[in-house]
Amino acid sequence: MTLKAAKTWFLRLLLVVLFFICYYCSQFYFESYGGSGKSPQPTVSLYHNYCLQRKWDNLKFNMSRKTELFLKLKDFFWRKHLSAEALPYDIKGSELLLLKVLAVTSSYKMPANIERLNDAPVRGYEGDVGNKTTLRLFYPESASHNPDIHNDPDTLQVLVPFKQQDLRWLKEILYDEKRVRKGFWKPPPQIWLGRASRIRILDPYFLRLTASKLLQIPLQPCRQQKLVHPTTGILAVFVALNYCDVVHVAGFGYPESRNEKHPIHYYGKETMKSMKNSYHDLNQEALMLKRLEDQGAILYLHPHS
């Protein structure tokens, strides 16, 4: 090939490359600014995701946002991701129990819209907390005999396993086996009417990072330190921050005073006295809730003290 022919071939190739560059740039321009692009939605979604990521980054958690909330049978997670810790922060030693539980619960499916979550009643309080419960976080000691009393039929019942007995309890319920009553600080229901198709297991990832990143409490405290776990309330907030665009909370927080007669929830008769010797650091959780509110990460539906 002569030098002149080579130059001609190179110029033609350059023109073709420039043509495609200009074409794709014009498509990006049209989609970004509402022009005649055929599908503006992807750019909007990218911008939306960018804003959400910026909001997440501003919280300075130093971790990635995770929106797959539940453990899934098809992942064979104990093979792909070897567990370093036991429950509640990982699944080491509980793989076979999880295998049996996940085998009879439905496959992973997340509702398109998350309206309301956490283990708190809605019926009778609709004027204050809304009328939709998408996820209800629970553990055996907090489970009610019949979940349908406080939930819609399509509400997902999400188990937060704190210990191996929690998974064993659920397995015994699902397989109608003899119940083992030992290992619980409060007797869980021996007959539970939750439907297998609506049961999910929360990935321990969320409890682990709620403790280590959000609350900055040690996962394995020294002998002199008291064992501390996050409450399901602060866990629900962290789950929502991972999944939802806007997080509103109602009736959740802790009184500033040390009044042991002050109610814990907007429902029920439990007071702060019952939390006196609990495995929770309420002071740290109150500080984090205040920080999240100050940063605009959570919004309260009602004024609070």
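When a residue number appears, it is its place in the shown sequence, counting from 1.
E293 places no side-chain N or O within 3.5 Å of a backbone atom of R291 that could act as its donor or acceptor partner. The closest donor-acceptor contact from the side chain of E285 to the backbone of T231 lies under 3.5 Å. Not one N or O on the side chain of E141 forms a donor-acceptor pair closer than 3.5 Å with the backbone of F184. With hydrogens and angles disregarded, no donor-acceptor distance shorter than 3.5 Å links the side chain of W192 to the backbone of N146. With hydrogens and angles disregarded, a donor-acceptor distance shorter than 3.5 Å links the side chain of R198 to the backbone of D154. Of the possible polar contacts, none joining the T105 side chain to the R200 backbone as a donor-acceptor pair under 3.5 Å is found. Between the side chain of H280 and the backbone N or O of H229, at least one donor-acceptor pair lies under 3.5 Å. Remark: side-chain polar atoms of R179 are paired, donor with acceptor, to backbone N or O of E177 under 3.5 angstrom. Q220 places no side-chain N or O within donor-acceptor distance of the main-chain N or O of P218, the cut-off being under 3.5 Å. In this structure, Y89 contributes its side chain and A211 its backbone to no donor-acceptor pair below 3.5 Å.
With contacts defined as side-chain heavy-atom distances shorter than 4.5 Å, the pair L292/F238 does not qualify. With a 4.5 Å cut-off on side-chain heavy atoms, V101 and L71 do not count as touching. Side-chain contact between L289 and V249 is absent, with no heavy atoms from C-beta onward closer than 4.5 Å. Counting heavy atoms from C-beta outward, L69 and V158 have side chains that stay 4.5 Å or more apart. Between D148 and L193 the shortest side-chain heavy-atom distance does not fall below 4.5 Å. Taking 4.5 Å as the limit, some side-chain heavy atom of Q164 sits within range of a side-chain heavy atom of L97. Taking the side chain as every heavy atom from C-beta outward, L282 and M272 approach each other to under 4.5 Å. N242 is not listed as a side-chain neighbour of F61, based on a closest heavy-atom distance of 4.5 Å or more.
When all heavy atoms of P189 and I173 are compared, the closest pair comes out as O-CD1, 4.2 Å. Closest approach of P204 to P88, counting heavy atoms only: CB-O, 3.6 Å. Heavy-atom minimum distance, E95 versus G93: OE1-N, 3.0 Å. Nearest heavy atoms, L241 versus A297: CD2-O, 3.6 Å. Of all non-hydrogen atoms in S83 and I91, the two that sit nearest each other are OG-CG1, 2.8 Å.
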Note to self: Checking R208 against L219 for the side chain to side chain contact (heavy atoms under 4.5 Å, CB included) test, could you report, in this order, the C-alpha distance in whole Å, the side-chain angles of both residues, the deciding distance, and whether it holds?
What the structure shows: CA-CA 7 Å; R208 181 171 67 250; L219 301 182; 3.6 Å; yes

Intermediate values then yes/no, side chain to side chain contact (heavy atoms under 4.5 Å, CB included), E85 and K92: CA-CA 5 Å; E85 302 174 18; K92 185 177 182 179; 5.7 Å; no

| request: Given side chain to side chain contact (heavy atoms under 4.5 Å, CB included), test E172 with V180 step by step and report yes or no. | output: CA-CA 8 Å; E172 292 165 354; V180 177; 3.3 Å; yes

Take R181 and Q190 through the side chain to side chain contact (heavy atoms under 4.5 Å, CB included) test and state the conclusion after the steps.
CA-CA 8 Å; R181 298 170 183 257; Q190 300 303 300; 3.9 Å; yes

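Under a cut-off of 6.0 angstrom, the local environment of NZ in K66 is crowded, with over 12 non-hydrogen atoms contributed by other residues, nucleotides or ligands. Surrounding OH of Y300 are more than 12 heavy atoms belonging to other residues, nucleotides or ligands, all under 6.0 Å away. Remark: I191 CD1 is loosely packed, at most 12 non-hydrogen atoms of other residues, nucleotides or ligands lying under 6.0 Å away. The local environment of CD in E270 is sparse, with at most 12 non-hydrogen atoms from other residues, nucleotides or ligands closer than 6.0 Å. For K100, the NZ atom sits in a loose shell: 12 or fewer heavy atoms of surrounding residues, nucleotides or ligands are nearer than 6.0 Å.
Atom NZ of residue K182 and atom CD of residue Q165 lie 11.5 Å apart, to the nearest 0.5 angstrom. A distance of 15.5 Å separates CG of L167 from OH of Y139, quoted to the nearest 0.5 Å. Rounding to the nearest 0.5 Å gives a distance of 12.5 Å between SG of C244 and CD1 of I298. We find the CD1-CG distance between I199 and L159 to be 8.5 Å, quoted to the nearest 0.5 Å. Rounded to the nearest 0.5 Å, atoms NE2 (H262) and OG1 (T271) are 10.5 Å apart. To the nearest 0.5 angstrom, R168 atom CZ is 8.5 Å from S94 atom OG.
Both L59 and M63 belong to a single network of hydrophobic side chains, linked directly or stepwise wherever heavy atoms of I, L, V, M, F, W or Y lie under 4.5 Å apart. Linking ILVMFWY residues whenever their side-chain heavy atoms come closer than 4.5 Å, directly or via other members, places I201 and Y175 in the same cluster. With hydrophobic clusters built from ILVMFWY side chains whose heavy atoms lie under 4.5 angstrom apart, L287 does not share a cluster with L214. Under a hydrophobic-cluster definition in which Ile, Leu, Val, Met, Phe, Trp and Tyr are linked whenever side-chain heavy atoms come within less than 4.5 Å, directly or via other members, V237 and L299 are assigned to different clusters. A continuous path of hydrophobic side-chain contacts links L235 to W185 [ILVMFWY only; heavy atoms under 4.5 Å].
A side-chain contact (heavy atoms from CB on, under 4.5 Å) with Q284 is found for one member of I234, L215, V228 and no other, namely L215.
Salt bridge D166/K163: present, at least one basic N to carboxylate O contact under 4.0 Å.
By the 30° and 60° cut-offs, the orientation of the rings of F138 relative to W169 is perpendicular.
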